[in-house]
Amino acid sequence: MSDRRRVLFVCSANSARSLMAEALLKSMAGDRFEVASAGTEPTSPHPLTRQCLQEEGLEVDNLSSTPISAFADQQWDYVIMLCNKAAHECQKVPFSGQVISWDFPDPAATNRHATFAMVMHEIRERLKLFVMVHQKAAPIPMDYPPATVFKLLGDDNRLATLLLLLREGELCVCELTAALELSQPRISRFLAQLREQALVEDERRGQWVYYRLHPALPEWVHGVLESTVAANTDLLSPMVLRLDTMTDRPDGRCTTMENQA
């Protein structure tokens with residue numbers, strides 16, 4: 001089995017932006033990422049997309065537009081939305097992994113070569129950052145002694161943090177501070193304890209550090225968290241309400257969408 005991380009790029013038509021991103025990432029880091037692209041309303045590859053890719057010496061013979069339904073049942077490490085419309089449509093699709101939103105203008109709206117070339121350059125620059133940030137090795141199986149896990153879950157705030165991450169996908173410290181109504185130092189201490197035992201992992205994007213459940217988390221731990229939420233439906237309600245009414249909330253969180261690399 002390949003240990004490459006799987007990346008799916010999505011835009012509305014899968015005719016320009018997502019095809020560019022797919023071809024560029026394959027060229028830049030195909031040894032580290034398995035890459036595909038799709039559209040919420042796929043059409044066909046735009047002729048100027050083909051031209052720009054060819055000018056960069058990239059393969060276009062197998063270029064095609066694919067409906068997102070073709071990939072919905074697959075496991076992805078990263079699902080990257082390249083336009084707001086796709087991000088909205090894909091909220092209905094139960095993707096696994098991290099969902100990220102990068103909003104690039106649709107070059108097809110102008111039908112100009114210069115616009116296609118500019119958008120491809122911007123996507124390339126964002127991908128350089130993405131590759132740099134995500135260049136660490138793929139997760140490997142880790143040891144999760146039940147006694148250690150349940151000791152961490154025995155604290156109300158650590159448990160709430162994990163349940164919020166399960167629900168939201170990713171959150172930064174300021175969001176957890178607002179949701180739990182605790183000071184930043186206390187939140188940071190809880191996160192450090194969870195990170196030390198590989199229950200969560202963190203990632204810096206611009207000025208924000210985001211936390212999510214660790215990708216190596218075993219199924220039985222996921223099951224405990226999911227069962228806890230299912231059996232205690234009101235547990236997270238006030239925290240989620242505080243999140244939803246939070247002022248100056250960072251733009252584009254996961255599931256919820258990310259606007260950083």
Side-chain angles (χ1 to χ4, degrees), residues 5-30 32-43 45-46 48-49 52-53 56 58 63 65-68 71-72 74 76-93 95-110 115-136 168-172 175 202-212 249-261:
R5 293 188 174 189
R6 305 191 74 221
V7 181
L8 177 65
F9 292 104
V10 182
C11 67
S12 52
N14 193 212
S15 65
R17 292 161 291 186
S18 51
L19 289 176
M20 290 175 177
E22 177 186 2
L24 287 167
L25 185 56
K26 283 180 176 178
S27 175
M28 294 166 61
R32 284 172 279 170
F33 298 96
E34 183 179 344
V35 191
S37 68
T40 54
E41 299 174 356
T43 55
H46 195 287
L48 287 174
T49 300
C52 287
L53 291 174
E56 293 291 323
L58 300 176
L63 215 60
S65 299
T66 307
I68 196 169
F71 299 111
Q74 298 184 23
W76 298 95
D77 295 294
Y78 307 101
V79 179
I80 302 180
M81 311 296 178
L82 299 176
C83 67
N84 285 333
K85 182 179 180 181
H88 175 74
E89 289 296 322
C90 288
Q91 289 180 1
K92 308 169 188 175
V93 181
F95 281 116
S96 61
Q98 179 182 349
V99 182
I100 301 173
S101 181
W102 300 343
D103 188 27
F104 291 99
D106 184 4
T110 67
T115 305
F116 275 78
M118 179 188 69
V119 170
M120 190 164 79
H121 171 75
E122 292 175 352
I123 292 174
R124 183 197 299 277
E125 293 305 305
R126 180 63 68 90
L127 286 172
K128 288 179 181 178
L129 178 60
F130 176 83
V131 170
M132 180 183 69
V133 169
H134 298 275
Q135 63 185 352
K136 59 186 177 183
E168 298 293 315
E170 288 190 338
L171 292 169
C172 67
E175 290 173 305
D202 65 323
E203 185 174 318
R204 176 174 291 278
R205 301 190 190 98
Q207 64 177 313
W208 306 110
V209 177
Y210 286 87
Y211 289 82
R212 58 179 174 268
R249 188 173 184 182
D251 291 333
R253 54 198 173 90
C254 178
T255 83
T256 118
M257 305 291 166
E258 288 293 353
N259 286 328
Q260 300 293 335

Task: Main-chain N/O of W102 paired with R126 side-chain donor or acceptor, under 3.5 Å - done: no
- [ ] Applying side-chain contact (heavy atoms from CB on, under 4.5 Å), run through F104 and M120 and close with a yes or a no.
- [x] CA-CA 10 Å; F104 291 99; M120 190 164 79; over 6 Å; no
TODO: Just say parallel, tilted or perpendicular for the rings of W76 and F71, cut-offs at 30° and 60°.
DONE: perpendicular
Task: Those residues that, when tested against S65, pass side chain to side chain donor-acceptor pair (under 3.5 Å) (two or more places apart) - done: none
TODO: Could you check whether the rings of F116 and H46 sit parallel, tilted or perpendicular, using 30° and 60° as the cut-offs?
DONE: tilted
- [ ] Can you see which heavy atom on D77 is nearest to which on R6, and at what distance?
- [x] OD2-N, 2.7 Å
Open item on the list: Would the distance check show the side chain of T49 and the main-chain N or O of S15 forming a donor-acceptor pair, the cut-off being under 3.5 Å?
Closed with: yes
Task: Nearest atoms (heavy-atom pairs only) where L53 meets M20 - done: CD2-CA, 4.2 Å
Open item on the list: Run the salt bridge (Lys or Arg N to Asp or Glu O under 4.0 Å) test against E56 and tell me which residues pass, sequence neighbours left out.
Closed with: R124
Task: Donor-acceptor under 3.5 Å (E125 side chain, E122 main chain) - done: no
- [ ] Could you grab the distance from atom CG of L25 to atom CD1 of I123, nearest 0.5 Å is fine?
- [x] 11.5 Å
Task: Residue list, side chain to side chain donor-acceptor pair (under 3.5 Å) with S37, at least two apart or on another chain - done: N14, E22
